[in-house]
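Notes follow the structure.
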Amino acid sequence: MDIALLFIGFLLMLVGILGSFLPVLPGPPVSWIGLLLLHLTKAVPDNWWFLGITLAIALVVTVMDYIIPAAGTKKFGGTKWGMWGSIIGLLVAIFFPVLGPLGIIVWPFVGALVGELANKSEKDKALKAAFGSFIGFLTGTFLKFLIAIVYAGLYIWKSIEYIPEIFTFS
């Protein structure tokens, strides 16, 4: 059973990292579930302080991911159209990687700009708002990615530390 929990936890770590970029998946909470599964094995001792602190961080970052883009958009005079355009631009970058890895940076900005222009904003105002929406989006995404990577590192570290106990077949 421990091996199954280890494997599922690892998959959740990968999904959590992917969820840092996809707006549909909450990256840090999914990664945290992977940490929880690791601690539910018989080999890894329960550390409820560790799990509580990492859960709190995952939840705070997830909530901040909704606040930061809105604050960036508002600060630069943008609207919800710009935020939605940024999200759609990210989806375009993921599903149609026309510009490769650079597309994850370019398409959310283009989407925010198109969203603001569709909202009938003036060009200068739309450009400024798109920039604010884009910066807010990148900040939130970076925070989620950073936490998911840290959780994956903690997962790997704990897994290696307890690997002899996990793979005992007695």
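Predicted model only: the values in this text are computed from it and were never measured.
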Can you tell me if [X] has over 12 outside heavy atoms packed within less than 6.0 Å of its [atom1]?
X	atom1	value
E161	CD	yes
F131	CZ	no
D46	CG	yes
F50	CZ	yes

For this session: Could you list the residues that satisfy ring pair (Phe, Tyr, Trp, His ring centres under 6.0 Å) with F10, not counting sequence neighbours?
Result: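 F10: no ring pair (Phe, Tyr, Trp, His ring centres under 6.0 Å) contacts found.
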Single-linkage hydrophobic cluster [X]~[Y], side-chain heavy atoms < 4.5 angstrom:
X	Y	result
M64	L55	yes
L37	W157	yes
W49	L36	no

For this session: If the plane angle is over 60° it's perpendicular, under 30° parallel, otherwise tilted; pick one for F145 and F21.
Result: tilted
For this session: With V30 as reference, evaluate L14, L18, L12 under the side chain to side chain contact (heavy atoms under 4.5 Å, CB included) test and give the passing residue.
Result: L12
Just how far is it from atom [atom1] of [X] to atom [atom2] of [Y], taken to the nearest 0.5 Å?
X	Y	atom1	atom2	value
L38	D2	CG	CG	9.5 Å
F142	I147	CZ	CD1	9.5 Å
I8	I33	CD1	CD1	12.0 Å
L35	M13	CG	CE	3.5 Å
I163	L6	CD1	CG	6.5 Å
M1	K42	CE	NZ	9.0 Å

Quick one: are [X] and [Y] in side-chain contact, heavy atoms under 4.5 Å?
X	Y	answer
F109	I135	no
L143	D65	no
K128	E116	no

So which atom in [X] and which in [Y] form the shortest heavy-atom distance, rounded to 0.1 Å?
X	Y	result
G34	Y155	O-CE1, 3.4 Å
N47	H39	N-CD2, 3.9 Å
E165	A43	CB-CB, 3.4 Å
T41	L5	CG2-CB, 3.8 Å
A148	S31	CB-OG, 3.8 Å
S20	T141	O-CG2, 3.4 Å

Problem set entry | Check against side chain to side chain contact (heavy atoms under 4.5 Å, CB included), L51 and W32 | CA-CA 8 Å; L51 289 172; W32 181 83; 4.1 Å; yes
For this session: Could you walk me through whether Y151 and I57 pass side chain to side chain contact (heavy atoms under 4.5 Å, CB included), step by step?
Result: CA-CA 10 Å; Y151 285 5; I57 291 169; 3.4 Å; yes
